[in-house]
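Notes for the one structure printed next.
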Amino acid sequence: MADAVAPPVCINDTLTDDELRSILSRLESDKDKEVFGLVCKRWLHLQSTERKKLSARAGSHMLSRMAARFTRVLELDLSQSVSRSFYPGVTDSDLAVIAEGFKCLKVLKLQNCKAITDRGLALIGGGLPSLQSLDASYCRKLTDKGLSAVADGCHDLRSLHLAGCRFVTDGLLFSLSRNCKNLVELGLQGCTNISDSGLADLVNGCQHIRFLDINKCSNVGDVGISKVAEVCSSSLKTLKLLDCYKVGDESIFSLSKFCKNLETLIIGGCRDVSDESIKSLAAACKNSLKNLRMDWCLNISDSSLSCILTQCKNLEALDIGCCEEVTDTAFEDLRNGEIEFSLKVLKISNCPKITVSGINMLLNQCSSLEYLDVRSCPHVTKAGCDEAGLVFPEYCKVNFTGSLSEPDVLV
């Protein structure tokens with residue numbers, strides 16, 4: 001008698017929801033996860049509820065449908081491209097839907113959403129208490145009122161980026177200090193109403209800041225930076241002060257004294273910074289400093305640059321553009337051969353006293369270099385480098401004329 005044929009088994013009758021979720025979690029590519037959802041309605045539902053990230057365009061109706069389908073989304077990106085923005089884009093009505101429908105949301109990105117106002121931000125603050133990260137950079141209508149509502153309602157806020165929000169004042173920093181004790185990352189580039197007083201208020205409550213970007217905050221000076229350095233001494237790793245012309249040696253000495261773990265420092269355009277404070281920084285942060293930008297620091301000379309190059313063994317990116325007093329002498333101490341050099345990016349554009357000889361001393365000790373900017377250095381030309389027989393690392397791009405794209409590590 002022939003063996004009986006086993007009846008067909010349906011996979012949906014065999015596998016539980018948890019087992020299907022386990023399979024979904026093992027799929028690495030987004031494409032495979034999308035294909036998973038095409039099998040049947042049950043699999044689509046599981047794939048939808050497990051989705052953690054979404055990128056979308058505006059539209060209240062569409063956002064409502066997405067909220068109903070993707071019930072466990074943690075990250076929502078509605079950012080608009082500067083070059084391809086559409087009018088009106090994201091509106092306060094869209095934010096109302098987000099506040100009501102995406103209750104699990106932890107990360108919200110709204111870059112360049114120029115139509116949103118304080119009213120919409122207040123709804124976010126009232127509706128998303130679990131929010132941990134908000135990027136509202138270049139949302140130019142926002143003021144302290146709406147952003148303080150976020151601070152009042154989102155006490156677990158850890159990251160806030162507000163570049164280009166020119167109406168932000170010290171009042172917001174006070175609200176953050178009072179409500180958001182876990183804040184570790186704050187971007188305020190171009191918020192020119194921020195002052196030393198606001199920074200002091202901020203760190204009275206937010207004492208674990210790791211990343212602070214106050215590029216182009218022209219009212220910030222030594223008093224505020226020194227306070228941040230003292231209070232956030234163990235946590236501060238990135239500090240950006242581009243074109244903060246009131247910042248000088250006092251700030252750098254404070255960073256040297258307190259912030260031994262500093263990894264990135266941007267002080268381009270801080271023209272009162274001089275050799276002595278940079279020497280102290282090199283000694284204090286010799287094991288931690290990775291990225292240093294000090295272009296247009298006109299008081300910087302060979303003595304401090306030599307300290308940076310010889311002491312900061314983990315330095316990966318350095319910009320000394322337009323430091324006109326720097327000469328080949330800054331590189332001479334590299335010739336002893338005892339220094340392990342890990343520099344990948346060096347920008348020395350508009351340094352008229354550096355020559356091919358200085359570049360040669362650098363190359364002899366630096367095999368890791370990936371990008372060298374020598375634009376407008378009259379004594380460093382391609383013809384001159386070829387004539388001197390300079391050998392650049394295999395993957396090093398040398399920018400002689402400005403025709404190469406620049407790495408953004410020092411922005």
NZ/Lys181: more than 12 non-hydrogen atoms of other groups inside 6.0 Å | yes

Have a look at Glu75 and tell me which of Lys106, Lys52, Lys109 forms a side chain to side chain contact (heavy atoms under 4.5 Å, CB included) with it.
-> Lys109

Using the side chain to side chain contact (heavy atoms under 4.5 Å, CB included) rule, pick out the option among Ile266, Ile225, Ile252 that qualifies with Leu241.
-> Ile225

Is any side-chain N of the basic residue among [X] and [Y] closer than 4.0 Å to the acidic one's carboxylate O?
X: Glu406; Y: Arg375; answer: yes
X: Glu325; Y: Lys353; answer: yes
X: Asp243; Y: Lys216; answer: yes
X: Glu230; Y: Lys257; answer: no

For residues [X] and [Y], is any side-chain donor paired with an opposing acceptor at under 3.5 Å?
X: Ser177; Y: Asn204; result: no
X: Asp94; Y: Ser60; result: yes
X: Ser357; Y: Asn360; result: no
X: Asn299; Y: Ser274; result: no
X: Asp144; Y: Thr169; result: yes
X: Asp373; Y: Asn399; result: no

Tell me, with the steps shown, if Lys279 and Asp275 meet salt bridge (charged side-chain N to carboxylate O under 4.0 Å, His left out).
-> CA-CA 6 Å; Lys279 289 177 185 178; Asp275 281 335; 5.7 Å; no

Roughly how far, to the nearest 0.5 Å, is the [atom2] atom of [Y] from the [atom1] atom of [X]?
X: Ser64; Y: His61; atom1: OG; atom2: NE2; answer: 7.5 Å
X: Ser280; Y: Glu276; atom1: OG; atom2: CD; answer: 8.5 Å
X: Leu346; Y: Leu315; atom1: CG; atom2: CG; answer: 9.0 Å
X: Leu147; Y: Asp118; atom1: CG; atom2: CG; answer: 6.5 Å
X: Asp222; Y: Asp249; atom1: CG; atom2: CG; answer: 8.0 Å
X: Asn350; Y: Ser376; atom1: CG; atom2: OG; answer: 4.5 Å

With no hydrogens and no angle check, is any side-chain donor or acceptor of [X] less than 3.5 Å from a backbone partner on [Y]?
X: Asp196; Y: Val220; value: no
X: Ser288; Y: Lys260; value: yes
X: Asp170; Y: Ser195; value: yes
X: Asn215; Y: Leu242; value: yes

Is any side-chain heavy atom of Val231 closer than 4.5 Å to a side-chain heavy atom of Val228?
-> no

Would you say Arg166 and Arg140 make side-chain contact, with heavy atoms under 4.5 Å?
-> yes

May I have the step-by-step check of salt bridge (charged side-chain N to carboxylate O under 4.0 Å, His left out) for Arg178 and Asp201, ending in yes or no?
-> CA-CA 9 Å; Arg178 186 181 57 197; Asp201 285 339; over 6 Å; no

List the atom of [X], the atom of [Y], and the distance in Å for their closest heavy-atom pair.
X: Ile354; Y: Asp328; result: CA-OD1, 3.5 Å
X: Leu183; Y: Leu202; result: CD2-CD1, 4.3 Å
X: Cys180; Y: Cys206; result: O-SG, 3.2 Å

Between Gln80 and Val90, does a side chain to side chain contact (heavy atoms under 4.5 Å, CB included) hold up when you go through it step by step?
-> CA-CA 8 Å; Gln80 296 181 225; Val90 179; 4.2 Å; yes

Dump the intermediate steps for side chain to side chain contact (heavy atoms under 4.5 Å, CB included) on Asn193 and Phe167, then the final yes or no.
-> CA-CA 7 Å; Asn193 291 314; Phe167 295 126; 5.6 Å; no

After noting the C-alpha distance and the side-chain angles of Val168 and Leu142, does the key distance pass the side chain to side chain contact (heavy atoms under 4.5 Å, CB included) rule?
-> CA-CA 8 Å; Val168 169; Leu142 299 182; over 6 Å; no

Give the ring-plane orientation class for Phe211 versus His161, where under 30° counts as parallel, over 60° as perpendicular and anything between as tilted.
-> tilted

Show your working on side chain to side chain contact (heavy atoms under 4.5 Å, CB included) between Glu332 and Met361 and close with a plain yes or no.
-> CA-CA 7 Å; Glu332 286 183 351; Met361 285 185 274; 3.9 Å; yes

